[in-house]
Enquirer: 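Have a look at this one before I ask anything.
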2 protein chains.
Amino acid sequence: MNLEKRLHSRGYRYTPQREAVFGVLKENEGKPLSPEEVHELACKRFSSLGLTTTYRSLELFCDLGLATRVHLHGDSHYYEVNTGKHHHHMVCLSCGAIEILEACLIEELKERVRDGSDFLVTEHCMSLFGYCPGCLTSRKG
Amino acid sequence: MNLEKRLHSRGYRYTPQREAVFGVLKENEGKPLSPEEVHELACKRFSSLGLTTTYRSLELFCDLGLATRVHLHGDSHYYEVNTGKHHHHMVCLSCGAIEILEACLIEELKERVRDGSDFLVTEHCMSLFGYCPGCLTSRKG
DNA sequence: TCCTTATCGACAATCATTATCATTTAATAA
DNA sequence: TTATTAAATGATAATGATTGTCGATAAGGA
């Protein structure tokens with residue numbers, strides 16, 4: 001999980017911009033960030049970082065398997081460092097908080113698909129929406 | 001499921017534009033369409049239909065419960081007539097074909113969430129991606 | 001039929017993202 | 001260490017989907 005080696009092994013250059021972007025992802029493991037958010041945070045590590053470079057770095061990291069794209073309802077993309085542990089997300093419709101959901105029933109679903117169709121499933125995305133404990137509590141009060 | 005009554009009951013007007021947009025959705029039950037696609041098809045029913053009106057009608061139908069928003073990987077929104085029958089989608093990464101997936105494990109997932117978190121799940125979206133039977137066959141040949 | 005106002009359509013504005021391109025710089029070889 | 005070269009960067013323009021604006025139109029009740 002060394003950025004420099006991972007980049008070089010695929011013929012890419014190791015730059016402070018990429019280091020900054022990747023550092024932000026690592027520091028926010030489990031928290032999906034938009035390119036805008038990543039850019040803002042990464043600028044603290046490399047102040048002249050351009051937004052374009054942020055977009056490009058995030059896509060590159062996904063191609064290298066270092067990050068994953070997270071698909072939520074919103075119109076923006078989200079990214080997360082790839083820990084190798086598959087998970088989904090629960091998004092609070094009230095405050096926007098995002099909780100990680102370790103449970104995944106994709107294998108069970110694949111079985112059902114196999115029974116009912118010849119479709120070959122290679123990827124999936126799933127998000128749950130509702131209300132986080134904090135918002136539920138403050139509603140009552 | 002009568003558009004005119006449904007609109008009037010909520011204080012909205014029944015217009016040929018809305019009739020055209022809704023007609024397209026009904027005619028394509030089970031097939032998620034982008035606003036662009038809906039517009040193109042609906043223009044055959046009402047030639048001067050504006051794209052803006054198409055967008056507005058689709059959102060209105062969702063609010064009225066006549067249509068549902070479908071969330072796929074893509075950057076565009078998709079809409080489908082609401083038949084009341086909950087389902088998900090399988091999208092072919094090769095040709096873009098969309099198959100309906102009747103199976104849904106949301107109840108099982110909710111149970112697991114209840115065990116591990118106090119999050120209240122009210123909505124969810126899920127899409128599977130892979131290769132449809134047609135594309136799998138042509139790959140072999 | 002007439003009025004009121006919701007709705008419409010054309011167009012401008014916005015927002016996220018991508019393409020362009022001149023400049024900078026990482027990495028390699030001398 | 002320095003020179004070289006192509007990859008990478010960042011400013012800016014372009015794009016594409018969606019939303020806002022506003023004068024014109026027409027649905028539906030009086």
Side-chain angles (χ1 to χ4, degrees), chain A residues 2-24 32-64 66-67 69-79 96, chain B residues 2-24 32-64 66-67 69-79 96:
Chain A
N2 179 283
L3 181 61
E4 185 170 2
K5 283 180 186 168
R6 197 69 76 97
L7 286 168
H8 285 167
S9 71
R10 290 279 297 271
Y12 293 102
R13 292 181 179 174
Y14 176 64
T15 68
Q17 288 92 339
R18 288 172 176 168
E19 177 62 48
V21 171
F22 192 61
V24 167
L33 299 172
S34 69
E36 200 80 41
E37 291 170 319
V38 171
H39 178 245
E40 196 172 335
L41 292 168
C43 277
K44 293 177 185 169
R45 294 158 178 260
F46 190 88
S47 57
S48 68
L49 176 70
L51 182 56
T52 307
T53 298
T54 306
Y55 273 98
R56 283 189 289 228
S57 300
L58 290 170
E59 278 305 300
L60 176 62
F61 295 158
C62 287
D63 291 347
L64 292 175
L66 295 167
R69 300 176 192 87
V70 177
H71 297 275
L72 305 176
H73 258 183
D75 292 327
S76 172
H77 295 169
Y78 291 89
Y79 296 87
Chain B
N2 179 283
L3 181 62
E4 185 170 2
K5 283 181 185 166
R6 197 70 78 96
L7 286 167
H8 285 167
S9 72
R10 291 278 297 272
Y12 293 102
R13 291 182 181 173
Y14 176 64
T15 68
Q17 288 92 340
R18 286 171 178 169
E19 177 62 48
V21 171
F22 193 60
V24 167
L33 298 172
S34 68
E36 199 80 41
E37 290 170 320
V38 171
H39 178 245
E40 194 173 335
L41 291 168
C43 277
K44 292 178 185 170
R45 294 158 177 261
F46 191 88
S47 57
S48 67
L49 176 71
L51 182 57
T52 308
T53 298
T54 306
Y55 273 97
R56 283 188 289 226
S57 299
L58 290 170
E59 278 306 301
L60 176 60
F61 294 158
C62 287
D63 292 347
L64 293 175
L66 295 168
R69 299 176 192 87
V70 176
H71 297 277
L72 305 176
H73 258 183
D75 292 328
S76 172
H77 294 169
Y78 291 87
Y79 296 87

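Quick note on labels: first sequence line is chain A, next is B, and so on, each numbered from 1. If you're wondering where the values come from, they're calculated on a predicted model, not measured in any experiment.
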Enquirer: Can you find a side chain N or O atom of Tyr14(A) that sits less than 4.0 Å from OP1 or OP2 on dA26(C)?
Expert: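 No, no such contact exists.
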
Enquirer: Hey, is the side chain of Thr15(A) poking within less than 4.0 Å of OP1 or OP2 on dT9(D), counting only N and O atoms?
Expert: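 Yes, within the criterion.
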
Enquirer: Please check the phosphate of dG10(D) (OP1 and OP2 only) for any side-chain N or O of Gln17(A) closer than 4.0 Å.
Expert: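 Yes.
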
Enquirer: Rounded to the Å, how far apart are Leu60(A) CG and dT18(C) C1'?
Expert: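 After rounding, the gap between these two atoms is 16 Å.
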
Enquirer: Whether Arg18(A) contacts dA8(D) is assessed here as follows: a side-chain N or O lying under 4.0 Å from the phosphate OP1 or OP2. Is that the case?
Expert: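 Yes, within the criterion.
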
Enquirer: Could you report the tightest heavy-atom contact between Pro35(B) and Leu51(B), atom names first, then the distance?
Expert: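 Residues Pro35(B) and Leu51(B), closest heavy atoms: O-CD1, 4.3 Å.
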
Enquirer: Judged by atom type as modelled, is there a donor-acceptor pair below 3.5 Å linking the side chain of Thr53(A) to the main-chain atoms of Leu49(A)?
Expert: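 Pair absent, no side-chain N/O of Thr53(A) close to backbone of Leu49(A).
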
Enquirer: Closest heavy-atom contact between Leu3(A) and Arg18(A)?
Expert: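 Looking at all heavy atoms of both residues, the closest pair is CD2-O, 3.7 Å.
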
Enquirer: Counting just side-chain N and O atoms, does Ser48(A) come under 4.0 Å of either OP1 or OP2 of dG10(D)?
Expert: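 Ser48(A) to dG10(D) OP1/OP2: side-chain N or O found under 4.0 Å.
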
Enquirer: On DNA chain D, compare the nucleotides closest to Glu36(B) and Glu4(B); which residue's is nearer the 5' end?
Expert: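 Closer to the 5' end of DNA chain D: Glu36(B).
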
Enquirer: Considering non-hydrogen atoms only, spot the tightest contact between Glu37(B) and Ser34(B) and give its length.
Expert: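 Residues Glu37(B) and Ser34(B), closest heavy atoms: OE1-N, 2.7 Å.
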
Enquirer: Without decimals, in angstroms, what is the distance between Tyr79(A) OH and dT17(C) P?
Expert: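 After rounding, the reported distance stands at 7 Å.
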
Enquirer: Donor-acceptor pair under 3.5 Å: do we get one between Arg13(B)'s side chain and the base of dA6(C)?
Expert: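 Yes, the side chain and the base share a sub-3.5 Å donor-acceptor pair.
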
Enquirer: Take the protein atom CZ of Arg56(A) and the nucleotide atom C1' of dT12(D), then report the distance between them rounded to whole Å.
Expert: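 To the nearest whole Å, that distance equals 12 Å.
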
Enquirer: Should Leu7(A) and Thr15(A) count as side-chain neighbours, where that means a heavy-atom distance under 4.5 Å?
Expert: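 They are not in contact (no side-chain heavy atoms under 4.5 Å apart), so the answer is no.
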
Enquirer: Using whole Å, report how far CG of Leu3(A) lies from P of dA26(C).
Expert: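 Rounded to the whole Å, the gap is 14 Å.
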
Enquirer: Could you tell me how far apart Tyr12(A) (OH) and dT9(D) (P) are, to the nearest whole angstrom?
Expert: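 Rounding to the nearest Å, OH of Tyr12(A) and P of dT9(D) are 12 Å apart.
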
Enquirer: When you measure from the side-chain N and O atoms of Thr52(A) to the phosphate of dT17(C), is any distance below 4.0 Å, counting only OP1 and OP2?
Expert: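 No, Thr52(A) has no side-chain N/O under 4.0 Å of OP1/OP2 on dT17(C).
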
Enquirer: Using whole Å, report how far NE2 of His8(B) lies from P of dA27(D).
Expert: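 Checked: the NE2 to P distance equals 10 Å.
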
Enquirer: From C-beta outward on Tyr55(B), which listed nucleotide comes closest to its side chain: dG9(C), dT19(D), dT17(C)?
Expert: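 So the side chain of Tyr55(B) is nearest to dT19(D).
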
Enquirer: In whole Å, what is the span from the CG atom of Leu7(B) to the P atom of dT7(C)?
Expert: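 Between P of dT7(C) and CG of Leu7(B): 8 Å.
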
Enquirer: Under 4.0 Å: is that the gap between some side-chain N or O of His77(A) and OP1 or OP2 of dT17(C)?
Expert: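 True: His77(A) side-chain N/O within range (under 4.0 Å) of dT17(C) OP1/OP2.
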
Enquirer: In this structure, how many angstroms lie between the C1' atom of dT18(C) and the CG atom of Leu58(A), rounded?
Expert: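 These atoms are roughly 14 Å apart.
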
